[in-house]
Every structure is written in structure tokens, then in C-alpha cells.
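Quick note on labels: first sequence line is chain A, next is B, and so on, each numbered from 1.
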Protein chains: 2
Amino acid sequence: MQDKVGAAPAGGENLLFLTDDQLRRGIEAMFFAYRAFTADPDMILTELDYGRAHHRAIHFINREPGLTVTALLDVLGVTKQSLNRVLRTLIEDGLVESRIGRRDRRERQLYLTEKGALLERRLSEAQRARMRAAYRAAGPQAVAGFRQVLEAMMDQETLRQYHALREMPE
Amino acid sequence: MQDKVGAAPAGGENLLFLTDDQLRRGIEAMFFAYRAFTADPDMILTELDYGRAHHRAIHFINREPGLTVTALLDVLGVTKQSLNRVLRTLIEDGLVESRIGRRDRRERQLYLTEKGALLERRLSEAQRARMRAAYRAAGPQAVAGFRQVLEAMMDQETLRQYHALREMPE
DNA sequence: GTATTACGTCAGACTTGTTGACTTTCCAAC
DNA sequence: GTTGGAAAGTCAACAAGTCTGACGTAATAC
């Protein structure tokens, strides 16, 4: 039951010889790792009667303070009706502030309040702690490979959303 | 905006120096990659009025034909009531067969029918195609690192579920 | 002045998760 | 062998979070 990923036996140029079995293990690793990956924040969120949707909103608002509802909708890839409910509770609970856009008064710019920033740190630190431990256990070369494969797995649209926040104007 | 993961500057033994920024990129990569990862099967499933839960059940039944409902519950990490509904529709639709356990008549052993196996292949081939492309694009060393980091991310319980299917008796 | 955009909301449906109560089956202690 | 508890599975009702569709309001664009 070895698990080597080697060059093609006959010698296709840069192609790899990949058995269905090897691929299946990658698929299962993604499934279980993702579950572990979300476990820590999920526990914190459940305590507070929030869900993953709240976490995602908080994460990206923290990432790019002042981003608009439409921009947030784009990265999250959900409908506005769905996001709206989440956003409403976050605003009611005083974690997120919605300010009228400065350039365009139709827009709503979203910011974390102090309370929101506090929860963000609590959630992201839990997630970072796990990621940090995994990175340290696996080593720098593995980390580079990890990122390469994940990015290679994204399609054009996802890749665009993934990079969008780094290229935001202002 | 370099993204190196280097050794600690002061020189802790095997520790890596990891900024919050590097970790955050890993976290976001997981988020977006997982979404891309599930996109292909999700499309097929939507056509057929199934969801991800159906896919997961089909995957693991195919993986270990004859496994019991309890064993499936364990790997999936959901309540039996939740699984039951999914399982019922799969049985009604003739994709899964539930046979009374041979040793213990309380148990139900689960098998894919031919129709079920057909859908399984369709779903898993879509997912494998993406994984294969990502693996090939990233190269064998990256693949090894990818797997290492994912496995290092799992906690004990998840790791147990991850390995459970490989060590099943019979 | 009209069309478009950004945002919010109401209504209704579906998937998938939950808890609680129930039946059938097994096993072990009496 | 009977009984009583534990295990496996099923049924019912509810909650969260997603979706689509329709509509309203305000601000901007043409």
C-alpha cells in the first residue's frame, strides 16, 4: 500500500502517473482536513448562536474594512438574501457597522466594531493555531506544496475571488 | 508581497517562523479550494435533486461495500437521524441496497446497486479529474506536501475516521 | 426624466443538520 | 427461559441556512 506519485512509466513529458487510488486519498484527505479545519471556530460560534456564514462575513470584513455588500457577496458566492440575514444579526448584535458609502451613497460599507474585531481575533486565532501546528509539523517544503496544489485546484472564477481582495482599490 | 516560509530568525530548533499573514493565506486557500473541490459533483447532484450528503454516503458505501449504518455514521460524523433521511431516498431511488446484517440482525449492511455505482463513478470521476489536473500542475513534490499538511491538520478523532476504512476487518 | 444599480425585505421552498420518542433485535444476568 | 438493558435503526418535528422570485427605495448614470 505504498503511495508514491512518480513519473509515468512509459515517459509522457511532464505528465504524472496517477492512480485512481492516489487521487481518492487526496479527495478523502480534503474532506477530513476541511472538517478539522472548521472545527475550532465552529465550537466558538455554536456557543454564541452563530454559524459558519457569520464567520465568513466577519473574516472578509476584517480583511478589507469598508468593503461593500456587493463585494462581500462576490467573494462569498451566495445570494444577497442569504447574506442579508447573517449581516442583519451581526449588525443588531453590534459586531458589524454598516456605513453609507462616501463616493456612492447607495453602497453600504461594512466595518467590524470593537466587539466584532474581538470575536474575529478569537475565531481566527483558533484557526491559525491549528494551521500553524500543521505547518510546523509538515515543514516549509510541504507548506509550499500544499499551497500550490490548493491553488491549482481552483477554477478561474474561484481564483479571481481568491485574489480579489489583494487587488482592491483604495 | 513575497510568501516565503523560512526558518525562525533567532533559531528555535525545528520551529518555523510563521506570520499571521502567511497563515491567513493558507486559511483562505483552504476555503476557496474546498469550494472549487466540491463544485463539479455539486452540479451533477443538483441535476438529480441530491445534495452533498448523498454524495458522501455514496462515496463511503462504494469504498467499503457492506458497511453498516453505524460505521457510516462514524465516518460522516452526523446523527443517525440525519443520515437516515438521505439513505432512505437513496434506497427508494434504487441507488443503495440495505441488507439485514448476517451476524447481527439489528445491523443493516449497505451496498450500491448498479445504478448507484454508476452515479458514484460519475461523481468521483468529476472530482478526480480536477484533482488529477491540480496534481499534475503542481508536481509530485507539491502533492506530497499537500497530503502532509492536510493530515497534520487533522485532530486525533478525525485522523481515526480518516484511517478507519483502511483497517476495517473482513 | 428614465433606466440602472445597490441594497433591503417578504414569502416560500429545499437540504441538512438537530432532539426526542419509538420498535426491533441482541445479549447477559437471573 | 425470562426479563431487562443496550444497541441499531426508524419516524416526527423543528432549526439553520441555502436558494428563487418579487417588490420597494434610494442614488446614480445616461
Side-chain angles (χ1 to χ4, degrees), chain A residues 31 34-35 38-39 41-58 61 66-93 96-111, chain B residues 31 34-35 38-39 41-61 66-93 95-111 123:
Chain A
F31 172 66
Y34 194 77
R35 187 153 80 195
T38 57
D42 279 356
M43 287 207 335
I44 298 170
L45 291 159
T46 301
E47 275 177 34
L48 303 172
D49 277 314
Y50 292 132
R52 252 179 234 179
H54 300 85
H55 184 191
R56 293 194 285 262
I58 288 173
I61 293 171
L67 96 171
T68 64
V69 173
T70 304
L72 185 53
L73 280 172
D74 181 53
V75 285
L76 293 181
V78 297
T79 61
K80 62 177 176 177
Q81 295 90 330
S82 183
L83 174 61
N84 193 253
R85 180 168 27 173
V86 167
L87 228 38
R88 201 189 325 170
T89 71
L90 289 176
I91 291 169
E92 280 170 7
D93 294 353
V96 167
E97 195 183 344
S98 164
R99 300 185 202 153
I100 290 176
R102 300 176 55 174
R103 293 177 307 247
D104 186 334
R105 291 171 48 80
R106 289 173 303 183
E107 294 180 344
R108 296 290 177 271
Q109 297 191 295
L110 303 170
Y111 298 88
Chain B
F31 172 67
Y34 194 76
R35 189 152 77 195
T38 57
D42 279 355
M43 287 205 335
I44 298 170
L45 291 160
T46 300
E47 274 178 35
L48 304 171
D49 278 315
Y50 292 132
R52 253 179 234 179
H54 299 86
H55 184 190
R56 292 194 285 263
I58 287 173
H59 174 92
F60 288 110
I61 294 171
L67 95 171
T68 63
V69 173
T70 303
L72 184 53
L73 242 46
D74 181 53
V75 285
L76 293 180
V78 296
T79 60
K80 58 183 175 175
Q81 294 88 333
S82 181
L83 174 60
N84 190 255
R85 183 176 12 191
V86 167
L87 230 35
R88 200 188 329 168
T89 71
L90 289 176
I91 292 169
E92 280 170 8
D93 295 355
L95 300 175
V96 167
E97 194 183 345
S98 163
R99 301 185 202 153
I100 290 176
R102 301 176 54 174
R103 293 177 305 248
D104 186 335
R105 292 170 48 81
R106 290 174 301 182
E107 294 181 343
R108 297 291 177 273
Q109 297 192 295
L110 303 170
Y111 298 87
L123 291 169

Could you write out each protein N or O paired with an N or O of nucleotides 1-4 of chain D at a distance under 3.5 Å?
none

* To do: Report the distance from atom CD1 of A:Ile61 to atom OG of A:Ser98, rounding to the nearest 0.5 Å.
  =>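 If I round to the nearest 0.5 Å, the distance is 9.0 Å.
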
* To do: With rounding to the nearest 0.5 Å, note down the distance linking CD1 in A:Ile100 to CD in A:Gln109.
  =>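 So the CD1 of A:Ile100 and the CD of A:Gln109 are separated by 10.5 Å.
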
Rounded to whole angstroms, how far apart are [atom1] on [X] and [atom2] on [N]?
| X | N | atom1 | atom2 | value |
| --- | --- | --- | --- | --- |
| B:Gln109 | D:dG9 | CD | C1' | 14 Å |
| B:Leu67 | D:dG9 | CG | C1' | 14 Å |
| A:Glu107 | C:dG8 | CD | P | 11 Å |
| A:Leu72 | C:dG8 | CG | C1' | 15 Å |
| A:Ile91 | C:dT9 | CD1 | C1' | 14 Å |
| B:Leu87 | C:dT15 | CG | P | 16 Å |
| A:Leu45 | C:dG17 | CG | C1' | 16 Å |

* Asked: With B:His55, which residues qualify under side chain to side chain donor-acceptor pair (under 3.5 Å), at least two apart?
  ->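 Checked B:His55 against side chain to side chain donor-acceptor pair (under 3.5 Å); zero matches.
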
Can you sort out the partners of [X] under side-chain contact (heavy atoms from CB on, under 4.5 Å), two or more places apart, ordered by chain and number?
| X | value |
| --- | --- |
| B:Leu48 | B:Ile44, B:Tyr50, B:Leu119, B:Arg122 |
| A:Val69 | A:Leu73, A:Leu83, A:Leu87, A:Arg108, A:Leu110 |
| B:Arg56 | A:Phe31, B:Arg52, B:Ala53, B:Leu76 |

* **Residues forming a salt bridge (charged side-chain N to carboxylate O under 4.0 Å, His left out) with A:Asp104, sequence neighbours excluded** =>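 Only A:Arg106 meet the salt bridge (charged side-chain N to carboxylate O under 4.0 Å, His left out) criterion with A:Asp104.
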
* Test salt bridge (charged side-chain N to carboxylate O under 4.0 Å, His left out) applied to A:Arg99 - qualifying residues, sequence neighbours left out ->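 Salt bridge (charged side-chain N to carboxylate O under 4.0 Å, His left out) list for A:Arg99, sorted by chain: A:Glu97.
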
* Quick one: what's the B/S/- string for nucleotides 20-30 of chain D, heavy-atom cutoff under 4.0 Å, read 5' to 3'? -> BBB---BBS--

* Asked: Can a side chain N or O of A:Asn84 be found less than 4.0 Å away from OP1 or OP2 on C:dT9?
  ->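 Yes, within the criterion.
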
* Go through residues 47-56 of chain A and report each residue with a non-hydrogen atom lying under 4.0 Å from DNA chain D, sorted by number. =>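 Only A:Gly51, A:Ala53, A:His54, A:Arg56 qualify.
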
* Qualifying side chain to side chain donor-acceptor pair (under 3.5 Å) pairs, either residue in residues 74-90 of chain B, two or more places apart ->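 Found B:His54-B:Thr89, B:Asp74-B:Arg160.
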
* Mind checking whether B:Asp42 and B:Leu45 have side chains closer than 4.5 Å, heavy atoms only? ->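 A side-chain contact exists here, since the closest heavy-atom pair is under 4.5 Å.
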
* Asked: Are any of the side-chain heavy atoms of B:Val75 and B:Leu72 separated by less than 4.5 Å?
  ->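 SC-SC contact between B:Val75 and B:Leu72 confirmed.
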
* Contact class for B:Arg85 vs. all strands (heavy atom < 4.0 Å): base, sugar-phosphate, or nothing? ->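 Base, at least one base atom sits under 4.0 Å.
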
